[in-house]
There are 2 protein chains.
Amino acid sequence: MLNDLNYKRRAQVLRALGHPSRLAMVEALLQGEKCVCDLHDLVGSDMSTVSKHLSVLRNAGLVDDRKEGLKVYYRLRVPCVAKFFECVDEVLGMGSGQR
Amino acid sequence: MLNDLNYKRRAQVLRALGHPSRLAMVEALLQGEKCVCDLHDLVGSDMSTVSKHLSVLRNAGLVDDRKEGLKVYYRLRVPCVAKFFECVDEVLGMGSGQR
DNA sequence: TGGTTATTTGGCTATACTGCCAACAATATG
DNA sequence: CATATTGTTGGCAGTATAGCCAAATAACCA
């Protein structure tokens, strides 16, 4: 298939966004840097789970982190994902077409 | 967590895009309707696999289908996904941050 | 140093996804 | 009707993902 590696990388980025908790975290990060503890409060699952979700986002290239004292702050690397939310909601707004 | 169902639905849409073959198919569909056979030629995997990928996209609300004679034609329901490709490539363009 | 807080990592089980094959359904054509 | 063509569905084996706990790391403070 045409340029397989490129599609794999792109898919990795989108798959990283394909989880409710990670989506919620990314949306929160649109407003600015958050520490893991903030995101932990947001999504409610175990801290270790949150940490693993964040590493999925990091490996996909979507976020970056920075340590300050005990806390680790994550930030979005790419503002354009904001548009994803609008478009995804447009998809959902038409009725999902589920069969 | 805040409005769990909404995040689940959104995640479903993004996860549907999170596969190399499905991405390639969606990109092809940006140029217009294609039959399953066209997409089969494009991605190269078994027809049944292609069909299942298409049903993932359909269940996510991303595509619609139409039967004409023996052939089934799929089309994108939402043009805005075109922008996803630009943004995703922007993510990749910065170096993926893989650790 | 010893203790506390914030986060990551390892390991495990449960669940979901992928991709192939075989079987089935629907439509066209001889 | 028999047969070919186009897709879909069921089922299975292999792989990946999710989420929890426990243990490890790192930075801070007494």
Side-chain angles (χ1 to χ4, degrees), chain A residues 1 4-5 7-26 28-29 33-60 62-75 97-99, chain B residues 1 4-5 7-26 28-29 33-60 62-75 97-99:
Chain A
M1 197 180 64
D4 209 12
L5 179 59
Y7 282 107
K8 270 189 193 159
R9 292 230 182 97
R10 290 175 182 173
Q12 185 190 12
V13 173
L14 290 159
R15 212 168 43 237
L17 291 169
H19 186 286
S21 303
R22 292 197 294 263
L23 263 188
M25 294 193 283
V26 168
L29 290 175
E33 255 188 0
K34 306 268 182 228
C35 67
V36 181
C37 48
D38 291 335
L39 299 168
H40 173 236
D41 291 347
L42 176 69
V43 306
S45 35
D46 195 90
M47 179 83 93
S48 70
T49 300
V50 173
S51 179
K52 281 177 184 178
H53 280 312
L54 286 167
S55 86
V56 170
L57 293 173
R58 187 175 355 87
N59 287 331
L62 285 162
V63 301
D64 220 342
D65 61 324
R66 163 179 84 81
K67 186 152 191 174
E68 185 178 314
L70 280 176
K71 297 188 176 177
V72 177
Y73 290 91
Y74 280 81
R75 62 171 172 272
Q98 201 103 18
R99 280 200 184 158
Chain B
M1 199 178 62
D4 210 12
L5 179 59
Y7 282 107
K8 270 188 195 162
R9 292 230 182 97
R10 290 175 181 175
Q12 186 191 12
V13 174
L14 289 160
R15 213 170 39 240
L17 292 169
H19 187 285
S21 302
R22 293 196 294 263
L23 263 188
M25 293 194 283
V26 167
L29 290 174
E33 254 187 3
K34 306 267 181 226
C35 66
V36 181
C37 48
D38 292 334
L39 299 168
H40 173 236
D41 291 346
L42 175 69
V43 306
S45 36
D46 196 271
M47 178 85 92
S48 70
T49 300
V50 172
S51 179
K52 282 179 183 176
H53 280 311
L54 286 166
S55 85
V56 170
L57 292 172
R58 187 177 351 88
N59 286 331
L62 285 162
V63 301
D64 221 344
D65 62 322
R66 166 178 82 81
K67 185 154 191 171
E68 185 179 314
L70 280 177
K71 296 190 176 177
V72 177
Y73 290 91
Y74 280 80
R75 62 171 170 273
Q98 203 102 19
R99 282 202 182 159

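With rounding to the nearest 0.5 angstrom, the CG atom of B:Leu17 is 10.0 Å from the CG atom of A:Leu17. The distance from the CG atom of B:Leu54 to the OG1 atom of B:Thr49 is 11.0 Å, given to the nearest 0.5 Å.
In this entry the distance linking CE of B:Met25 with C1' of D:dG7 reads 13 Å, nearest Å. Atom CE of B:Met47 and atom C1' of D:dT8 are 10 Å apart (whole Å). Distance, A:Leu57 CG to D:dA18 P: 10 Å, rounded to whole Å. In this structure, A:Leu17 places its CG atom 12 Å from P of D:dA18, rounding to the nearest Å.
The side chain to side chain contact (heavy atoms under 4.5 Å, CB included) search around B:Lys52 returns none, not counting sequence neighbours. Listed by chain and residue number, nothing satisfies the side chain to side chain donor-acceptor pair (under 3.5 Å) test with B:Ser45 (two or more places apart in sequence, or in another chain). With sequence neighbours left out, B:Asp38 forms a side chain to side chain contact (heavy atoms under 4.5 Å, CB included) with B:Lys34, B:Cys35. With sequence neighbours left out, B:Lys67 forms a side chain to side chain contact (heavy atoms under 4.5 Å, CB included) with B:Val72. Remark: B:Arg10 pairs with A:Glu27, A:Asp89 by the salt bridge (charged side-chain N to carboxylate O under 4.0 Å, His left out) rule, at least two apart or across chains. Take B:His40 and apply the ring pair (Phe, Tyr, Trp, His ring centres under 6.0 Å) test, not counting sequence neighbours, and it matches no residue. Shown here are the side chain to side chain contact (heavy atoms under 4.5 Å, CB included) partners of B:Asp41, two or more places apart in sequence or in another chain: there are none. Residues that satisfy the side chain to side chain donor-acceptor pair (under 3.5 Å) test with A:Ser48, not counting sequence neighbours, are A:Asp46. A search for salt bridge (charged side-chain N to carboxylate O under 4.0 Å, His left out) contacts involving B:Arg75 returns B:Glu33, not counting sequence neighbours.
Residue contacts shown for A:His40 are absent, as no nucleic acid heavy atom lies under 4.0 Å away. Within 4.0 Å (heavy atoms only), A:His53 reaches sugar-phosphate atoms of the nucleic acid but no base atom. Backbone-only contact: A:Tyr74 has heavy atoms under 4.0 Å from sugar-phosphate atoms and none from a base.
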Per-nucleotide protein contact string for nucleotides 9-15 of chain D (B base, S sugar-phosphate only, - none; heavy atom under 4.0 Å): BBB----
Under 4.0 Å protein heavy-atom contacts per nucleotide of nucleotides 24-30 of chain D, with B for base, S for backbone only and - for none: --BBS--
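Distances shorter than 4.0 Å separate some side-chain N or O of A:Arg22 from OP1 or OP2 on D:dA18.
Boundaries of the chain B contact region on DNA chain C are C:dC17 to C:dA28, first to last in 5' to 3' order (nucleotide atom under 4.0 Å from a heavy atom).
Where A:Val50 and B:Ser45 meet DNA chain C, the nucleotide closest to each residue was compared, and A:Val50 sits on the side nearer the 5' end.
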